[in-house]
There are 2 protein chains.
Amino acid sequence: MSKAPARVLSIQSHVAFGYVGGKAAVFPLQCLGFDVDVVNTVNFSNHTGYGRFGGSRTTAEELSEMFRALEENGLLRPSRLLTGYIAGAAALSTVAGLASRLRQHDPELIYVLDPVLGDAGKLYVAPECIPIYQSMLPLATVITPNWFEVETLTRVELTDLTSLKRALRVLHEEYGVPNVIISSMILKHWLKGALPKHIAPTPSQDDPSDYLLCLCSTSNNTDNTTDLSVVHAYAVPCLPGYFSGVGDLFSAMVLAHLQPTISPSVLQQLGADQTPLSYAASMAVTKTHAILSLTHEYAQNLPEDERLPTDDEKDKLDPERKIRRMRGRELRLVQGQNIIRSADLTDCRRMERWSDFWSS
Amino acid sequence: MSKAPARVLSIQSHVAFGYVGGKAAVFPLQCLGFDVDVVNTVNFSNHTGYGRFGGSRTTAEELSEMFRALEENGLLRPSRLLTGYIAGAAALSTVAGLASRLRQHDPELIYVLDPVLGDAGKLYVAPECIPIYQSMLPLATVITPNWFEVETLTRVELTDLTSLKRALRVLHEEYGVPNVIISSMILKHWLKGALPKHIAPTPSQDDPSDYLLCLCSTSNNTDNTTDLSVVHAYAVPCLPGYFSGVGDLFSAMVLAHLQPTISPSVLQQLGADQTPLSYAASMAVTKTHAILSLTHEYAQNLPEDERLPTDDEKDKLDPERKIRRMRGRELRLVQGQNIIRSADLTDCRRMERWSDFWSS
């Protein structure tokens, strides 16, 4: 059977209630016309942020058996691969093996790897997962780490523009990753100071800390310069509080919108200086942020009891408090499906070229 | 938290590749605006019809633990419940317990129960599942058994109109099921002969065996007659060959379109004499058949090697033969999502009132 033009294999967590992992990625991909093969690395009642959850992790053996059956049946023929949270080093190794075989069979495979290791200084997988993820990096078309994951994978602490460049150099050169998107960098003083004017958040009464920077770097389109990569960035206005599944939705939208052979005329519609990666990142930022806004608006209109602000102290005393808040902040994906489906570029949050990134 | 207006809890099988069980039900329900809580009763690579598959069944203990976590977190608040294939008597008992608690808490719960027992004379669950399904029948709002499941649940062999009436009487009266849809009855001689003229397939060069009857019976809307129920039926043109997941999609579409308090003016748009059940069945038949047609058309256009007709002899000698056929006949749900979303009634396959069903 000829390879289907748009078939995604998604390997990540599953929750019965709410929208993280596969539940945040699969429906949006289906809405955009992709057949999605869905392998669940865990089957939980709800995301672990609720504090209480039930269910089971898929073992490495179960994953192997499933991959083998798919392979033997000739059903392992995705044109795109998406991997997210994978429970434990053994299961991760199994997925790494599969990704390697798929890459070997198909050099054109588009693989979006979200190296889910942790966030905000805290590892939430076993430390043995780190070298496995490092070994997977050369297989990826795009990686979508957060700040902490960049630091963990590259062993470079991001403290200034020089270290950021060093980390990107490690990813592009040492690990051979052609495309890197760091989706939500806190606008620390040094980063804010380094931003070109046209990327920095518009000065207003808003506090600049109310923005996160999305930065993408592609080593594929360096149009004869000596730069290592072409860098784009966009300052995304922050919404208050924590929403789960946002990174999973974002990575799925990157996967959906990345078209390595996109025509220059389509890129041009978004603006000058765009690359296939910045185009995909722009679409992903736009749609993810719109879904987040919809969710925020919904959460704002809940009864007061269900939208209590994050307060670790109070949450500890009353676990129900956190659960009520979590419940009201599940992504409004179903209600926002027209956002996901939209091909309209008029209100697109456009990633802007950071021309002197490497020379500055 | 107030109960969400349209939240479905779907408990059925999951396959990584292809569209049966939850994969045939969840995406269409999401397209129609439902938040769907998804509990996977198995996690397989592909449906078992391929002959070869890998993965695991969710144990009764795992299901219990998951339901408990959902319950404790206040996340068990569906307005609609959909259950399909459940692996084994122990797991089925666990689901039965949950359905019973949900029904107790919410008399308005819309529960569509597909009593998946077998087909065409063959049981494909353990015999101990039969009494458990029988005990679940009184909890259901609608059941969607096939011919064989009606016979198994009621212990009435369907050989003539009298036995069909007897079976419906058992379901409505003995088990207290208000709504029954038998989605695909073979038009045997006796059934064809009993059909009122306006329901019988239009005489043409078509062989009448190329139709299946969809019959629905509601004891809710008997407008002061002495009839036990209001019966509607529609002869659905058959498409050649076997497609998996059709029943799962059909049950999901019944769940989506059943509106117990639907306004008479909306019913009237579909035609006179409609009930909320016949309306839901009409929509489900229409959409399921349209997806099936799309799938058939796709399968027809595959290379010859991938659309070999069903032939058990040849399949036995060459298992790949069957696998290739199965692969090409997976439902085209993603490609047909506009069909699922459509609210257009103009080309609706309308269930027709069988007025003298009980008196004939």
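In what follows, chains are A, B, ... by sequence order, proteins preceding strands, each numbered from 1.
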Residue from B:Lys23, B:Arg341, B:Gln335 scoring the most non-hydrogen pairs under 4.5 Å with chain A is B:Arg341
If you tally heavy-atom pairs under 4.5 Å between each of B:Ser10, B:Gly51, B:Gly33 and chain A, the highest tally belongs to B:Gly33
Sort B:Phe53 into side chain, backbone, both or neither according to what part of it lies under 4.5 angstrom from a heavy atom of chain A. backbone
Closest heavy-atom pair, A:Val39 versus B:Ala16, reported as atoms and distance to 0.1 Å, is CG2-CB, 3.9 Å
Residues 64-73 of chain B vs chain A, non-hydrogen distance cutoff under 4.5 Å, contacting residues -> B:Glu65, B:Met66, B:Ala69, B:Leu70, B:Glu72, B:Asn73
Go through the atoms of A:Glu61 and report whether side chain, backbone, both or neither lie under 4.5 Å from a heavy atom of chain B. neither
Would you say the side-chain atoms of B:Gln337 pair up with the backbone N or O of A:Gln30, donor to acceptor, closer than 3.5 Å? yes
So which residue, B:Leu63, B:Ile323, B:Leu75, ends up with the most heavy-atom pairs under 4.5 Å with chain A? B:Leu75
Engaged part of B:Glu320 at the chain A interface, taking heavy atoms whose separation is under 4.5 Å: side chain
Picking from B:Arg332, B:Met326, B:Arg52, which has the most non-hydrogen pairs under 4.5 angstrom with chain A? B:Arg52
Using a 3.5 Å distance criterion without hydrogens, assess whether the side chain of A:His14 forms a donor-acceptor pair with backbone atoms of B:Val38. yes
Can B:Asn43 and A:Glu62 be counted as having a side-chain donor-acceptor contact under 3.5 angstrom? no
B:Leu76/A:Phe17 under side-chain contact (heavy atoms from CB on, under 4.5 Å): CA gap, chis, key distance, verdict: CA-CA 9 Å; B:Leu76 260 187; A:Phe17 184 97; over 6 Å; no
Turns out that what part of A:Val36 lies under 4.5 Å from chain B's heavy atoms comes down to backbone
